[in-house]
Amino acid sequence: MTKMAWAENAVIIKDNGMQVAYHPKCPNCGKVYENITSNVGVSGGTTYAGTFSCYKCGKAFSCRFGRN
């Protein structure tokens, strides 16, 4: 059985055991970008999914995922 993925600075919308669909979430102001849906492969360990720039507060943040 595949373990659920965890996310940092993102809201997981779908997890099929190999790939995660998510919305980025700014850790500074809490803005969730529901108009942006990204996918990333998550198997074991930590996966970095890139850096986003918040349109609300202007700060940059990274999203990361993993399965433990």
Side-chain angles (χ1 to χ4, degrees):
M1 181 172 182
T2 304
K3 295 181 180 181
M4 287 291 295
W6 55 263
E8 181 177 278
N9 304 330
V11 176
I12 295 175
I13 355 180
K14 189 173 162 184
D15 180 0
N16 70 7
M18 296 184 308
Q19 219 174 41
V20 170
Y22 68 95
H23 297 307
K25 179 181 178 183
C26 179
N28 301 298
C29 68
K31 171 75 175 158
V32 176
Y33 287 90
E34 295 177 355
N35 60 330
I36 299 173
T37 302
S38 298
N39 294 294
V40 64
V42 180
S43 53
T46 302
T47 301
Y48 290 89
T51 301
F52 296 88
S53 183
C54 182
Y55 301 120
K56 186 175 178 184
C57 71
K59 299 195 177 187
F61 62 95
S62 297
C63 295
R64 66 183 197 135
F65 303 84
R67 293 186 197 279
N68 294 12

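No hydrogens, no waters, no symmetry mates; every other heavy atom, side chains included, goes into these values.
The heavy-atom pair separating C29 from C26 by the smallest distance is N-SG, 3.5 Å. Nearest heavy-atom pair, A49 versus V40, reported as atom, atom and distance to 0.1 Å: CB-CG2, 4.1 Å. Taking all atoms of both residues into account, the shortest heavy-atom contact from A60 to T51 is CB-CG2, 4.1 Å. For the pair F61 and C63, the tightest heavy-atom approach, listed with the atom from each and the gap, is CE1-SG, 4.1 Å. Pairing each heavy atom of R67 with each of M18, the nearest pair is NH2-N, 3.7 Å. In terms of heavy-atom proximity, H23 sits nearest to I36 at ND1-O, 2.8 Å.
The closest donor-acceptor contact from the side chain of Y33 to the backbone of Y55 lies under 3.5 Å.
The environment of Q19 atom CD is dense: over 12 non-hydrogen atoms of other residues, nucleotides or ligands sit within 6.0 angstrom.
Using bins of under 30°, 30° to 60° and over 60° for the plane-to-plane angle, the ring pair F65/Y22 lands in the tilted bin.
Following chains of ILVMFWY side-chain contacts shorter than 4.5 Å, one can reach I12 starting from V42, so the two form part of one hydrophobic cluster.
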* To do: Please lay out, stage by stage, how W6 and T46 fare under the test side chain to side chain contact (heavy atoms under 4.5 Å, CB included).
  => CA-CA 9 Å; W6 55 263; T46 302; 4.0 Å; yes

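The distance from atom CD1 of I13 to atom CG of N39, rounded to the nearest 0.5 Å, is 8.0 Å.
By the salt bridge (Lys or Arg N to Asp or Glu O under 4.0 Å) test, E8 is found to be paired with R64, residues two or more places apart in sequence or in another chain being considered.
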